[in-house]
Protein chains: 2
Amino acid sequence: MHKNELMEQRESKDYLSQLTLDCVILGFNEGELKVLLLRWKETQEWSLPGGPILQSESIDAAAYRILKERTGLNDIFLKQFHTFGEQPRYNLAEIQEKLKHLIDPEIWYKRAVTIGYYALVDYAKVSPQPDELTVECKWWDIKEIPQLLFDHNHIIQLALQALQIEINLQPIGYNLLPEKFTMPELQRLYETILDRKLDPRNFYKKIISLGILTRLKERRKGVSHKAPYLYKFDKAAYEAKLKEGGLSFL
Amino acid sequence: MHKNELMEQRESKDYLSQLTLDCVILGFNEGELKVLLLRWKETQEWSLPGGPILQSESIDAAAYRILKERTGLNDIFLKQFHTFGEQPRYNLAEIQEKLKHLIDPEIWYKRAVTIGYYALVDYAKVSPQPDELTVECKWWDIKEIPQLLFDHNHIIQLALQALQIEINLQPIGYNLLPEKFTMPELQRLYETILDRKLDPRNFYKKIISLGILTRLKERRKGVSHKAPYLYKFDKAAYEAKLKEGGLSFL
DNA sequence: CTATCATTATGTAATTATTACACAATGGAA
DNA sequence: TTCCATTGTGTAATAATTACATAATGATAG
């Protein structure tokens, strides 16, 4: 491309894109993975939280901003997993029609690129907040997600795939559980993410052998069966192991 | 964000970004990983191939376009690995100074986002072509890369990390070698990517046990030592194994 | 108070995968 | 013909993964 062409392009802004970000915010409750979705004003249409990235911020900062706005949480496990720039990413006319009461159809760019992040949060600590274009923000069971706006079903699908790989590389379980948790809870989390049953004896051995868990004296009370022990993630041990290099998970 | 704000934003184009793409094109020659770099006109400055993504194309299509332009190749293993949107990504003033003879400093946007792809190609099949802003396109040994423009050293670093993970999930070796190759060549490729020595007997066992390699009757000739067998990647067997689900690599 | 229910906690043996390790064979060059 | 560099290959030891079953316990219901 020649200097003049570049200048012309800049003039026409042809090479600029609408750059947005979408967050797949995941929590874990009652043995199921949950994802936080927003319902748009005056419709029954749902989508992922997200929005434009401002010129003044890095894309990571934008992701943290959106997370903070929707969940109230600051320190969150957040990871970019894919950038979506198909052409077209979704049926533009359909979206224009569905959301015309909210957004002038003119505003939709032909090609919108969105950067996908997933976040892992402690379900109990989140207070879901809708944004300016939406009226409802709530958790959905990952297995009961409706048809979403844009290509958001697809984005969630890829986020879950990325998570299945990540679970082998990091103790991500600990981001999704409260500070104290039981072994069966942790196992159920792994089973949900990996989408397969695990043997409790082998799971216990494996997890314990990582040496990054502390068993407390306490047990969970109020369950109508043998009370399970509570465990805590031992962050210091984890950091130490990481430095030594040797840490792989399931 | 309210409708009016969105309209205002659109007017000012504040939420639009310069969206570019950079390709880490990797080849393998003489036992070393090579990366294709471009030297800019009238300077000694090098960078990765890349450029703006056009409004009319998907980001994957843009990556294939750039690859085709720089290498002449069509069918290429190409993978998006990360999107870079730090703020700032690099020292803008420095870049403006270095490239002012080519590009009006005005043209540089404050925040540029680039999508990183890596490509794996057969070194021998590539005929490197510079683009409009560059005069030289050539392979560099991965271990001898100079200080590059922008944040391109960083981008290469992350591409190599992504490749180290990918090598466990796919037989990517075959994209980097010619159709026929020897076992020691394949081993050296793995050693280079993983950056560690492998035992030849264990490597042989492991690779053969995947069952996706065919040993030919032929041997490589003209070497002043025992002539090694040639192997071919058995694509049919690979596809079959993939379907059955069970395929993991090193 | 006791029996029942649901669930937790845990060990061992078999299988499979990984690692460690050494030397004879061979093609070309000297 | 000898020498050199490199290829081709097997076995034993160790480590990791899988398969598998039962006693303990806390709450609840009778």
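In the text below, chain A, chain B and the rest are named by the order of the sequence lines, each starting its count at 1. Note that the structure is a prediction, hence the values are computed from the model and not measured.
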Take the angle between the ring planes of B:F150 and B:H152 and call it parallel below 30°, perpendicular above 60°, tilted in between. tilted
Between B:Y204 and B:D199, is any side-chain donor less than 3.5 angstrom from a side-chain acceptor? no
Does a side chain donor of either A:Y64 or A:N74 reach within less than 3.5 Å of an acceptor in the other side chain? no
Is the phosphate of [N], meaning OP1 or OP2, less than 4.0 Å from a side-chain N or O of [X]?
X	N	result
B:R219	C:dA25	no
B:R215	D:dT9	yes
A:R188	C:dT8	yes

Send over the distance from [X] [atom1] to [N] [atom2], rounded to a whole Å.
X	N	atom1	atom2	answer
A:Y204	C:dT12	OH	P	14 Å
B:L194	C:dT18	CG	P	14 Å
A:D199	C:dA14	CG	P	17 Å
B:F203	D:dT9	CZ	C1'	15 Å
A:E218	D:dG26	CD	P	15 Å
B:R201	D:dA12	CZ	P	14 Å
A:Q187	C:dA9	CD	P	11 Å
B:E185	D:dT6	CD	C1'	13 Å

Give me the one residue out of A:F233, A:Y190, A:Y174, A:Y229 that meets ring pair (Phe, Tyr, Trp, His ring centres under 6.0 Å) with A:F181. A:Y174
So, with a heavy-atom separation below 4.0 Å from DNA chain C, the residues of residues 222-231 of chain B are B:G222, B:V223, B:S224, B:H225, B:K226, B:A227
Measure the spacing between NZ of B:K180 and OG1 of B:T214 and express it to the nearest 0.5 Å. 12.0 Å
Which distance, rounded to the nearest 0.5 Å, do you find between the CG of B:L189 and the CG of B:N29? 12.0 Å
Identify all pairs in which a protein N or O lies below 3.5 Å from an N or O of nucleotides 14-17 of chain D, and state each distance.
from, atom 1, to, atom 2, distance (Å)
D:dT17, OP1, A:K206, NZ, 3.1
D:dT17, OP2, A:K206, NZ, 2.8

Could you point out which residue of B:E136, B:R70, B:E45 forms a side-chain contact (heavy atoms from CB on, under 4.5 Å) with B:L38? B:R70
Suppose we screen for side-chain contact (heavy atoms from CB on, under 4.5 Å). Which residues come up paired with A:P146, at least two apart in sequence or across chains? A:L37, A:W46, A:W140, A:L148
salt_bridge(B:K243, B:E239) N-O dist < 4.0 Å: no
Of the nucleotides D:dT7, C:dA22, C:dG11, which has the atom closest to the B:P184 side chain? D:dT7
